[in-house]
Amino acid sequence: MPTQCKNCPLRRRDLFEDLTADEVAYMQRFKAGELIVEPGTQILMQGSNSPQLFTVLSGMGLRYKLLSNGKRQVLNLIMPGDFIGLQAGLLSEMGHSVEATTRMTLCVFDRASVWSLFKDQPHRAFDVTWLAAIEEHFLGDALSAVGQRSALQAMAWAFTRIFLRGEALGLVENRRMRFPYKQQDIADALGLSLVHTNKTLATLRGRQLAQWSDGVLQVTDIEELAEVGLVDDLDVRKRPII
């Protein structure tokens, strides 16, 4: 059975802002259904025009862009609570693809209903705008990591951000979190070769800052890791949930 909005497991997390009873009732009407996808499923495709928007209820994925020469740039990692598909909803075409890395459960919304959301629920519409703005902020931060940080600094930055988000989502236990990606995914995200990625991971492991193996990311000292990654703010912004 689809998850009822009033019982949404994400709402129990401090990461997400509270909703009023009226907002929960409206979101239940806004929600068109629920979708479960298996690893490797293309949820959204670059160049496509999707009639649906999604909120990730559980699972992890990748947002990436393919170039005409076949090379791939990973834009970011998809985690629970992320709202995806807005680009196609507003621009009529996806400029990137979204693929499931693990089994994922998605809340499904009809793209045509977005306009009624802006008309009937201005506060919720502002939340959608906020999510778009925070995505833009993240991409700027990621571009700085790729362009101005060394490989070690960039990977330390990425692992710091990922680990802090995981903690806020309740995915970290005993300084360990499930991290089911491939080294190639991180290489494509940070603009590194696979060999350079492997050597950088070995450096982090040798300095006892972070270790990633068998699908698990372990961070020994988040403050020192953040310092290496030039991360000066360890707070995770409270965010709305659509």
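Computed from a predicted model, the values in this text were never measured in an experiment.
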Can you give the donor-acceptor pairs under 3.5 Å from side chains of residues 232-242 to other protein atoms, not counting sequence neighbours?
unit_1	atom_1	unit_2	atom_2	d
Asp233	OD1	Asp235	N	3.0
Lys238	NZ	Asp14	O	2.4
Arg239	NH2	Asp82	OD1	3.4

Hey, is the main chain of [Y] close enough, under 3.5 Å, to the side chain of [X] for a donor-acceptor pair?
X	Y	value
Glu34	Thr3	yes
Arg149	Gly229	yes
Arg175	Thr220	yes
Asp110	Ala112	yes
Lys6	Gln28	no

Look at atom [atom1] of [X] and say whether more than 12 heavy atoms of other residues, nucleotides or ligands are closer to it than 6.0 Å.
X	atom1	value
Gln121	CD	yes
Phe126	CZ	no
Asn7	CG	yes
Met45	CE	no

Connected via hydrophobic side-chain network under 4.5 Å: Leu192 and Leu209:
yes

Are Phe138 and Phe83 connected in the hydrophobic side-chain network, where two residues link if heavy atoms are under 4.5 Å apart?
no

Look up atom [atom1] in [X] and atom [atom2] in [Y], then write down how far apart they are to the nearest 0.5 Å.
X	Y	atom1	atom2	result
Glu167	Glu173	CD	CD	12.0 Å
Leu139	Leu143	CG	CG	8.5 Å
Gln73	Leu190	CD	CG	8.5 Å
Leu204	Phe159	CG	CZ	6.5 Å
Ser213	Arg205	OG	CZ	7.5 Å
Thr203	Asn198	OG1	CG	9.5 Å

[Y] side chain reached by [X] side chain, heavy atoms, under 4.5 Å:
X	Y	answer
Tyr26	Ser116	yes
Leu44	Phe54	yes
Trp212	Ile186	yes
Ile43	Met104	yes
Leu35	Gln52	no
Met177	Phe163	yes
Lys182	Thr101	no
Leu152	Arg207	yes

Could you tell me which residues satisfy side-chain hydrogen bond (donor to acceptor under 3.5 Å, both in side chains) with Asp141, sequence neighbours excluded, listed by chain and number?
Trp157

Any pair counted as salt bridge (charged side-chain N to carboxylate O under 4.0 Å, His left out), so long as it reaches residues 38-48, sequence neighbours left out:
Glu38-Arg103

Minimum heavy-atom separation for Arg13 to Ala168, with atom names?
CB-O, 4.0 Å

Distance-only check: which donor-acceptor pairs under 3.5 Å involve side-chain atoms of residues 56-72, not counting sequence neighbours?
unit_1	atom_1	unit_2	atom_2	d
Ser58	OG	Thr105	OG1	3.4
Arg63	NE	Asn76	OD1	2.8
Tyr64	OH	Gln42	OE1	3.4
Tyr64	OH	Gln42	NE2	2.8
Lys65	NZ	Gly95	O	2.9
Asn69	OD1	Lys71	N	3.0
Arg72	NE	Asp188	OD2	2.8
Arg72	NH2	Asp185	OD1	2.8
Arg72	NH2	Asp188	OD2	2.8

Residues in ring-ring contact (aromatic ring centres under 6.0 Å, His included) with Phe109, at least two apart?
Phe30

Across all chains, not counting sequence neighbours, the ring-ring contact (aromatic ring centres under 6.0 Å, His included) partners of Tyr181 are Phe179

